[in-house]
Amino acid sequence: MEYIHEEIEKKWQKVWEEKGVFKTPQWSNRATYYALVMFPYPSGSIHVGHVKNYVIGDVVARYKRMKGFNVLHPFGYDAFGLPAENAAIEHGIHPRVWTQKNIETIRNQIKKIGISYDWDREISTCDEEYYKWTQWLFLKLYERGLAYKKKGLVNWCPSCQTVLANEQVKDGACERCGTPVKVKFLEQWYFRITEYADRLYEDLDKLTGWPDHVKTMQRNWIGKSRGALVRFPVEGIDEVLEIFTTRPDTLWGVTFMALAPESPLVDTIVLPEKRIEVETFVSKTLLEDRFKRTAEGAKKEGVFTGRYAINPVNGERVPIYVANYILYEYGTGAIMGVPAHDQRDFEFAKSLGLEIRVVVDRPGAPLDSKTMEEPYTEPGIMRDSGIFTGRESDKAMGEIISWLEEKGYGKGTTQYKLRDWLISRQRYWGAPIPIVYCEKCGTVPVPEDRLPVKLPEDVEFEPTGQSPLKKHEDFLNTTCPICGAPAVRESDTMDTFVDSSWYYLRYVNPHNDEKPFDPRDVNYWLPVDQYIGGVEHAILHLMYSRFITKVLHDLGYLTFDEPFTNLFTQGMIYKDGAKMSKSKGNVVSPEEMIKKYGADTLRLYILFMGPPEKDAEWSDAGIEGVSRFVKRLWKIFDRLIERLSATKEAGPVEPKTSQEKELHRKLHSMIKKITEDIEGGFHFNTAVSGFMELTNTLSKYLDSTNETEWNLPLLRDVVEKMVLMISPFAPHLADELWNRLGKKGLTVEQSWPEYDQRALELEEYELAVQVNGKVRDRIVVSATASEDEIKRMALSSKRVQKWLEGRKPRQIVIVPKRLVNVVL
RNA sequence: GCCGAGGUGGCGGAACUGGCAGACGCGCAUGACUCAGGAUCAUGUGGGCAUUUGCCCGUGCGGGUUCAAAUCCCGCCCUCGGCACCA
């Protein structure tokens, strides 16, 4: 019989659908397992890179089903976003139509791959029944004071015509389109993620099932640092300059203060005679590209404001400058300058000729303020530092902070680099922010029972970049929910990362129109046992989701406060050395591969390419190789099937000949290996090679044994177990073969095979015999041989004797079942 | 600069807790079948020397520990990813 993958795959996909095998019962007495893949943005069609994500998830889901879990394995679409709107502007298609068409394409693509999703739970973030609850989420944050509006410096992408969150800016450019980002001063909506900075940071330690690199990236991004806030009174006016420092031990080395150019304090502090000079500097600096200006290594510039501050620790007058390297958004927007012990302050002091004063000495090699060519930033011995003189700077840190607090000079504190999450977007295709502005009542949230604030569909798209909502009178004009007076709606929509920050909860109750999710169900299913997706979301999506989970936890909806217990980040698939993209024309389409080789071959190849967490290069020759394997396997079944139909049951398996024993042993060692490959770190590439090895051994057995002497019960046992094991990887093939073996039901409904430890034991082992660590011979010893026997056999080897040259070995090391090392 | 991951044949990659480096696949070579082969099957395939048995070298580089190191330790080099004037 020929292997016709189209027929087989179509047939089984239909059976699965008709039987509804992947529909997940909401409750069952089996243990739950929630396997989740990151849902895609539906921008056209998916390529094999996405397929990798879904296949990994499917192997896990199907395997866990066979292990007896009640598995939740859903799929959906992150369907709001700019590309839909751009398509509307360019081609005149409504974003909803464009998006829906893409969703259909993708759904069809995925069904052809045979992924075991529960399609009844499919969700799409642009559906009213979904975004209603995104708006609900906004209201919950608003009630808690975690959603707020403020004026501030924001990143603006001139091409996307919208503001961006800090996380969405990479190297000073828009993460999406690469256009350099401009800084604007605008009023925008934020989520107060900074309130959760510490928990987001500290709880990373709880995430033992997450890869370290992702946790590290989040730690870097949150940027926690301990230090002190210290207050420096300003001379001559009633003003205090508060600064944050991680090095309170260098307070005695302060020789200047510096303010960020954006700081409103500049205006208060500057002396009249310095005003023109300072204002000129500030406006010049603010005109510069902010990302270049604040990049490391940029030239440090600044001007004196004419004003002095008093250093509380020693009463000294220190000049206050405005400097281009001070970040307004971090700390207090002002710093104390300690040139001797800080790289940036050192550069600044050098370029302006300011005093450099050493207060922390390098142990054993004192520093000289006059001649030093670089700052000393390590811990050391404190010098000229009042009562702390002579102390070790790092050890004294805690005491210094207590002392500052006692004296009222400052206090210990922790600062974070993390900024609040800017969530408003001046775009159409997103969930409207449920806020109304009333002249009398001010900013009023839309009451929960009036959700959703519907996104109007009858809008006109113009390439002006302005959101069509801005001009949609019916949408804009409303009445105040409090007083009933005419009011205006907020026309901004939410960042799509808000949509995706909670979707994993919705899958549990995707069609509940009373609430976003039922806490009882969600707490039963979540946290997600295994989350799978690309590293590109290491910060953005994963941190936002953690934040929202913690908020909902604090609001009493969730019993857990981390959404994803285990995270797996899969590598990308490259083609011709580059990321696949339509514009580069290097997209490998799954349909084409399925048509040519079949879904099972595609799945196996994607897994076989290399370790799934690593990037891999697509190879046409590679998939050919896997295709050959599948055909070979098919042919072996063809050879066997008729003979096997005589033996319906595997029955007691008694391997007699050495070939039979080898085959039996191989089967069990492969059950062990493949199970461990799946459980112990997603080593699917080696699992697939295990199938190949087992097939090779089987094929060798069939070739080397006369057909009349085939051990049929053994063969049946081998092929049945092999079919079950390959089921999560190549499910159509598995079900077809299972069926041809005369078995009932589907492979995914069977139990995962167990290995028999006894089958792994050999009666005799081949040992390598080394002389001084080099293999010189091999001997076969019985499993029960004593050490002395093994030594005797090793020493009696002719080849070993040749190397011994009559000498007596100093030592003989035996590694059971592996080797003997004769040491001279 | 800091943090993280990694460097193994012609290629993708294997190698448990230190125990025979190169599983499995690709590619290549030779042979078989064939009118033919870009199908299939068999055999071989880290490098060098000897080519009969063997011998030497070999996991980025240089040291070290050990009977034994891809694996552990010290010092470098390179690649990829993240952060990057965060006080």
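So you know, we letter chains A, B, ... as the sequences are listed, proteins then strands, and number each from 1.
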* OP1 or OP2 of B:C56 less than 4.0 angstrom from a side-chain nitrogen or oxygen of A:Arg776, does that happen here? -> yes
When you measure from the side chain of [X], which nucleotide among [options] comes out closest?
X: A:Asn696; options: B:C24, B:C26, B:G19; answer: B:C24
X: A:Lys614; options: B:C56, B:G13, B:G19; answer: B:G13
X: A:Lys300; options: B:C85, B:A87, B:C83; answer: B:C85
X: A:Arg628; options: B:G27, B:C16, B:C24; answer: B:G27
X: A:Lys417; options: B:A84, B:C24, B:C57; answer: B:A84
X: A:Asn821; options: B:G4, B:C67, B:C20; answer: B:C67
X: A:Thr686; options: B:G4, B:G12, B:A15; answer: B:A15
X: A:Lys802; options: B:A23, B:C55, B:A84; answer: B:C55
X: A:Met692; options: B:G13, B:G25, B:G19; answer: B:G25
X: A:Asn685; options: B:G54, B:G82, B:G13; answer: B:G13

Expressed as a whole number of Å, how far does the [atom1] atom of [N] sit from that of [M]?
N: B:G9; M: B:A70; atom1: P; result: 14 Å
N: B:A68; M: B:G19; atom1: C1'; result: 7 Å
N: B:G62; M: B:C77; atom1: P; result: 15 Å
N: B:C28; M: B:G12; atom1: C1'; result: 16 Å
N: B:G4; M: B:G13; atom1: P; result: 23 Å
N: B:A15; M: B:G6; atom1: P; result: 13 Å
N: B:U8; M: B:U59; atom1: P; result: 11 Å
N: B:U45; M: B:C24; atom1: C1'; result: 15 Å

* Can we call the ring centroids of A:Tyr321 and A:Phe348 under 6.0 Å apart? -> yes
Can we say [X] and [Y] salt-bridge, meaning some charged N sits less than 4.0 Å from an Asp/Glu carboxylate O?
X: A:Glu301; Y: A:Lys284; result: yes
X: A:Lys817; Y: A:Glu761; result: yes
X: A:Arg639; Y: A:Asp703; result: yes

Contact class for [X] vs. all strands (heavy atom < 4.0 Å): base, sugar-phosphate, or nothing?
X: A:Gly625; value: sugar-phosphate
X: A:Asp345; value: nothing
X: A:Trp618; value: nothing
X: A:Arg799; value: sugar-phosphate
X: A:Arg810; value: nothing
X: A:Pro611; value: sugar-phosphate
X: A:Thr246; value: sugar-phosphate
X: A:Ile326; value: base
X: A:Lys774; value: sugar-phosphate

Pairing partner of [N] (Watson-Crick or G-U wobble, both distances under 3.5 Å):
N: B:A32; result: B:U40
N: B:U51; result: none
N: B:G27; result: B:U45
N: B:A21; result: none
N: B:C72; result: B:G64
N: B:A5; result: B:U79

* Position toward the 5' end of RNA chain B (nearest nucleotide), A:Asn220 or A:Asp703 -> A:Asp703
* Structure fact -> Of A:Val813 and A:Trp803, the one whose nearest nucleotide on RNA chain B sits closer to the 5' end is A:Trp803
Modelled atom types, side-chain donor and acceptor of [X] and [Y], under 3.5 Å:
X: A:Asp677; Y: A:Thr686; value: yes
X: A:Tyr325; Y: A:Asp345; value: yes
X: A:Asp198; Y: A:Tyr416; value: yes

* Structure fact -> Per the glycosidic torsion and the 90° limit around 0, nucleotide B:G60 is anti
* Test A:Leu767 against every option in A:Asp777, A:Val780, A:Ile790, A:Leu819 by the side-chain contact (heavy atoms from CB on, under 4.5 Å) rule and name the one that passes. => A:Ile790
